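Okay, so here's the structure we're looking at.
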Amino acid sequence: MMGMPSLSTILALLALPLVVLRRGTLAACYGAYFAIALFAAILWRRFPDFDPYLGFVAAAVLALTAFSLFLACGTEVRWSANRAALIAAIVYAAAIPAMLRTPIDGDEPFYLLVTESIVHDRDLDLANQYRTLDQSASGRTDLVPQLGDPVGKHGEQYSRHEPLLPLLMAPGYLIARLPGAVAVIALFGVLLVRSTVRWMEDEGVSEAAARAVFPLFAFGPPVLFYATRIWPEVPAAFFYVETLRGIRNRRPQRWVPAMIALVSLKLRFVLLAVGCLVVWLTSARVNWRRVAIVAAIIAIPLFLGYLATGNAILAHSWRELIPAGNVRGIAGLIADGMSGIAFRAPFYLIALFAITRWRSVPRGFRDGILASLLYILYLSPRPEWFGGWAPPLRYIVFLAPVLALGAAAVWERVSRGAIALIDAWTVGLVIHGVAYPWRLFHIPNGESSIGEWLSAQYHADFSRLFPSFIRMNAAAWIGLIAVIAFVLVLIPRRKIDLAIPLFALALGLGFRTGPQPAGHVEFEDAHVMHEGGELYPPYYTVLRVAYRGGWVLEAPDSLSFLAYEGPWTLDYISGPGAIIELGGRAYHVPATDRYASIKVVVPKGERVTLRCLSGSINVDRMTHD
Amino acid sequence: MKHVQWIVTAAATAFACHFAAYYDTPIDRALPLIGVVLVFVAWAFEDVAVLVAVPALMVAEIAVADEGARLVALGGIVAVAVGYPVSRLPGSEEHRVAGPPGHRATALVVASLILLRWIPTPDYTAREVALILIAIAITWVLGRTPFAVAVAVLAALATPAVPLRTLALPLLVLFVATLARLFGMPRLRLALPSAIVLAFALVFFAWSGIVARAFPYFLKMPRPVAGKYLVNGALAASQSATLDVPDGALALIVSGANVPRLRHGAALGVIQPGNIAVRIGDAADWGYLRREQFYGSHNPLPRDPVGKLRGYGYEAWIDGAGRVPLPQGARTIRVIADAHLPPGASLQVEGFEIVRR
């Protein structure tokens with residue numbers, strides 16, 4: 001079953017050093033490959049029960065890491081943007097089969113349906129596609145139109161997604177169906193890598209820094225996971241870089257088409273386009289001609305929108321232009337355990353450090369950040385910031401090349417310890433994401449993959465130690481402060497580099513704290529041992545994050561969890577009312593049509609059992625008084 | 001100032017690893033020591049990146065519940081953290097250019113031997129210290145190259161140090177190395193093979209005693225006993241026992257008692273019908289791999305070993321039980337101990353391996 005992808009991965013890994021490494025560095029890289037393969041074989045013999053796929057992915061990613069180290073530190077390296085692109089092409093080609101092990105998910109199958117409609121029917125009406133899902137290359141027969149999909153006057157079923165991406169994927173789809181469509185995205189990934197490396201050269205980033213940063217950018221999250229799946233984010237990142245490069249190099253024939261393509265990929269990128277136009281407008285002396293061009297670029301899409309739908313701003317409203325002033329989204333983008341930069345793409349923390357060196361970083365980085373501010377400020381108060389049902393950091397993938405440029409610009413000023421930590425964490429994320437691509441999708445329930453896994457392993461609430469801005473927890477602001485401290489104090493290179501020991505200390509203290517009972521229990525969380533009952537609302541409920549959630553119990557269902565002795569407040573909702581037993585005491589829970597609370601007492605002893613004796617109850621959470 | 005960094009790092013590492021140590025084996029309990037040893041290596045190379053092995057060790061301790069996998073994961077991390085610096089030790093050319101950073105090779109030898117021989121705490125501390133000193137001497141004589149480190153560590157690893165006269169082995173290596181250098185042997189670097197050999201020993205440092213005394217064990221695919229039907233019989237020379245073969249029996253599990261001095265191929269007994277010979281090589285003396293008994297033993301590791309892995313670190317050993325096939329279709333077998341077994345020796349029939357139902 002693993003044969004062909006394994007062989008292609010091995011060949012890809014063997015080919016990589018030939019692209020850039022020479023003589024002694026090349027030999028040393030192959031030596032490292034040999035050592036990794038040898039130990040992988042020994043361990044495979046010793047642990048025949050170990051998941052062979054995970055083992056293979058781990059060995060392959062470690063080999064890629066070894067190659068990346070030789071690329072970054074080797075003395076005999078031939079480097080150019082084209083070679084970087086070729087390396088990216090090889091790696092993405094090897095990664096695509098891994099990503100397609102499970103059916104495509106999120107918005108991906110809908111993009112593919114539109115592609116199929118374009119290819120087969122020459123239209124955008126998906127009604128017949130939904131009727132014949134068994135013929136779709138998506139492998140998904142469970143698809144129904146998404147919430148908010150427009151319906152035509154004659155019953156046409158359209159997708160709410162912009163058609164440019166499906167249009168771009170059509171040639172690839174015609175050649176090789178689903179893999180061909182993904183290959184088109186990977187091709188954009190390759191172009192993105194090339195453009196970014198060229199951009200680094202334009203901005204005067206040293207070759208050593210570019211070589212060091214390149215693997216973390218191209219083969220780390222989120223770019224790797226979006227370059228090998230069907231989302232508009234990587235093409236958007238490419239067009240964004242091209243726009244910024246075009247503006248920088250004063251080549252309108254380059255940046256105007258790129259900007260139009262960017263906006264056509266997703267309407268939300270119009271905020272980026274506005275930012276880019278402001279950057280362009282202010283990059284030289286303002287004159288009436290420039291103002292007129294900007295006005296025209298803004299007015300034309302609005303006019304077209306008005307002509308098409310009768311509303312210039314489509315399904316949006318002008319009220320959305322009023323900033324909500326919510327810092328929670330930005331904090332979540334940085335530090336959330338499930339979908340924040342610190343946990344899901346820590347390499348970009350270096351770019352946050354670059355922001356603190358604003359005056360000394362390249363102009364391209366400053367322009368890229370400034371141009372994206374409008375987008376980020378409007379995105380952050382909205383629930384979309386955590387990405388919905390998509391791999392992490394979906395909404396800021398376009399910013400990855402800008403952040404990579406910033407990271408490269410300050411590379412020599414970054415602590416070696418912090419780099420080692422970030423590298424190790426990134427390697428872990430890549431192994432996890434490639435081996436288990438379906439785990440890239442995480443329901444926004446306030447838990448993170450690691451917290452959930454540890455909670456399930458130890459039956460203790462480890463999730464509370466990971467900052468959650470989706471379901472605010474005590475660790476959220478502390479985590480944000482810790483991340484800011486990491487960026488400001490530990491990332492800068494200093495005479496005394498304590499990044500790793502302090503991280504280790506935090507890890508150790510966290511592990512000691514995790515198994516202790518918490519002062520707050522969410523009954524749907526992984527650390528609660530459920531004996532019967534069911535999750536509310538069901539796992540795949542659309543916009544599930546908008547619900548309070550909980551766990552529904554009917555007699556004789558029960559659940560157990562760790563809790564301190566003493567008085568607690570139990571939040572619940574119960575239509576018929578219920579009698580529950582908690583720690584040996586029975587409580588009558590009155591019927592209610594909205595969430596209510598009762599006081600309960602937890603006796604001494606570590607694990608507490610809550611049992612439904614009669615009736616039915618949705619227990620939401622319990623808080624220590 | 002830079003030393004302050006490493007002292008603070010060592011202290012923080014020890015505390016961090018102490019907090020992370022969760023399981024109860026001597027290796028898990030020694031996590032703080034392992035962490036500090038890695039800090040020592042990083043200090044010697046002035047390379048903070050090596051320290052990333054410390055949180056990696058902690059993550060392995062926290063995340064991997066299965067004991068065997070966890071200890072190998074710890075070993076793998078340690079192997080990379082030590083093996084990578086070994087490969088960075090300079091060869092003769094670099095020595096001429098940059099001067100020999102002798103303390104680095106010394107640090108690697110000390111770190112490796114602490115990991116391989118001092119967890120759990122050794123009973124013969126003075127001998128272990130002497131062994132480290134001899135290993136350092138070998139390293140210096142051979143030029144403080146990766147090859148020198150590997151030779152020194154392997155010579156020390158292969159030395160049981162019980163009885164004391166076994167220290168002659170590393171002394172012999174030292175003597176030969178000195179002669180070789182006197183007769184013009186160059187400083188061999190051999191970075192990759194040396195790093196691989198050292199890394200192999202370190203991957204299995206949790207059972208370094210087995211690496212030292214039963215090297216091929218970790219290269220064999222483990223075939224744990226599916227199920228066991230106990231017999232627990234010991235047959236002295238010429239004695240025999242008739243055994244009913246239980247349903248689903250796959251093989252007979254046998255070992256020797258007081259036969260450590262028998263060499264490969266020496267007869268232990270025979271199984272009838274079929275006249276199936278049981279020899280040293282099919283099984284071994286039950287305790288021959290114990291550190292104290294290994295010196296006087298001539299037994300090899302059984303071809304199909306089923307001995308239980310016992311102990312940790314340099315005290316680890318496996319018993320000498322091996323699988324012997326049963327006669328095809330036999331419902332009853334007769335096991336006869338060889339008439340030439342030495343006085344006091346016996347063939348131990350531990351039981352039948354059976355299919356677990």
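Computed from a predicted structure; not experimentally measured. A, B, ... follow the sequence lines: proteins, then strands. Residue 1 opens every chain.
- Within the 4.5 angstrom heavy-atom criterion, only side-chain atoms of A/W453, from C-beta onward, approach chain B.
- In the model, A/D497 has a side-chain atom that pairs as donor or acceptor with a side-chain atom of A/S415 under 3.5 Å.
- Considering only heavy-atom pairs separated by less than 4.5 Å from chain A, the leading option among B/A11, B/A12, B/A10 is B/A12.
- Each of B/L202, B/L154, B/V211 was checked for a side-chain contact (heavy atoms from CB on, under 4.5 Å) with B/L116, and the lone residue meeting it is B/L202.
- For A/L498, the part lying under 4.5 angstrom from a heavy atom of chain B is the side chain only.
- Residue A/I450 does not touch chain B at all, counting heavy-atom pairs closer than 4.5 Å.
- Annotation: maximal heavy-atom pairing with chain B below 4.5 Å, among A/Q457, A/R46, A/R416, occurs at A/R46.
- Electrostatic pairing of B/R323 and B/E353 counts as a salt bridge here, judged by a charged N lying under 4.0 Å from a carboxylate O.
- If you measure heavy-atom distances from A/L454 to chain B, the contacts under 4.5 Å come from the side chain alone.
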CA sep, side-chain torsions, deciding dist, call: A/L13, A/Y33, side-chain contact (heavy atoms from CB on, under 4.5 Å): CA-CA 9 Å; A/L13 286 168; A/Y33 276 11; 4.2 Å; yes
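- Contact of A/L38 with chain B is made through the side chain alone, with heavy-atom distances under 4.5 Å.
- If you measure heavy-atom distances from B/A63 to chain A, the contacts under 4.5 Å come from both the backbone and the side chain.
- For B/Y217, the parts sitting under 4.5 Å from any heavy atom of chain A are the backbone and the side chain alike.
- Contact tally against chain A (heavy-atom pairs below 4.5 Å) for B/D47, B/V54, B/V72: the top residue is B/V72.
- When atom types are taken as modelled, the side chain of B/R213 and the backbone of B/W317 share no donor-acceptor pair closer than 3.5 angstrom.
- Between B/F215 and B/F200, a ring centre-to-centre spacing shorter than 6.0 Å is recorded.
- B/Y22 and A/F511 have their aromatic ring centers within a separation under 6.0 angstrom.
- Proximity to chain B is limited to the side chain of A/F34, based on heavy atoms less than 4.5 angstrom apart.
- Both the backbone and the side chain of B/A199 come within less than 4.5 Å of a heavy atom of chain A.
- For the residue pair A/T426/A/D423, the side-chain donor-acceptor check at 3.5 Å is not satisfied.
- Most heavy-atom pairs under 4.5 Å with chain A: of the set B/V50, B/V203, B/D66, B/I196, this distinction falls to B/I196.
- In this structure, A/R211 fails the cation-pi test against A/F214, since its NZ or CZ atom is not both closer than 6.0 Å to the six-membered ring centre and inside 45 degrees of the ring normal.
- Between chain A and the options B/V80, B/V8, B/I62, B/L51, the largest number of non-hydrogen pairs under 4.5 Å is found for B/I62.
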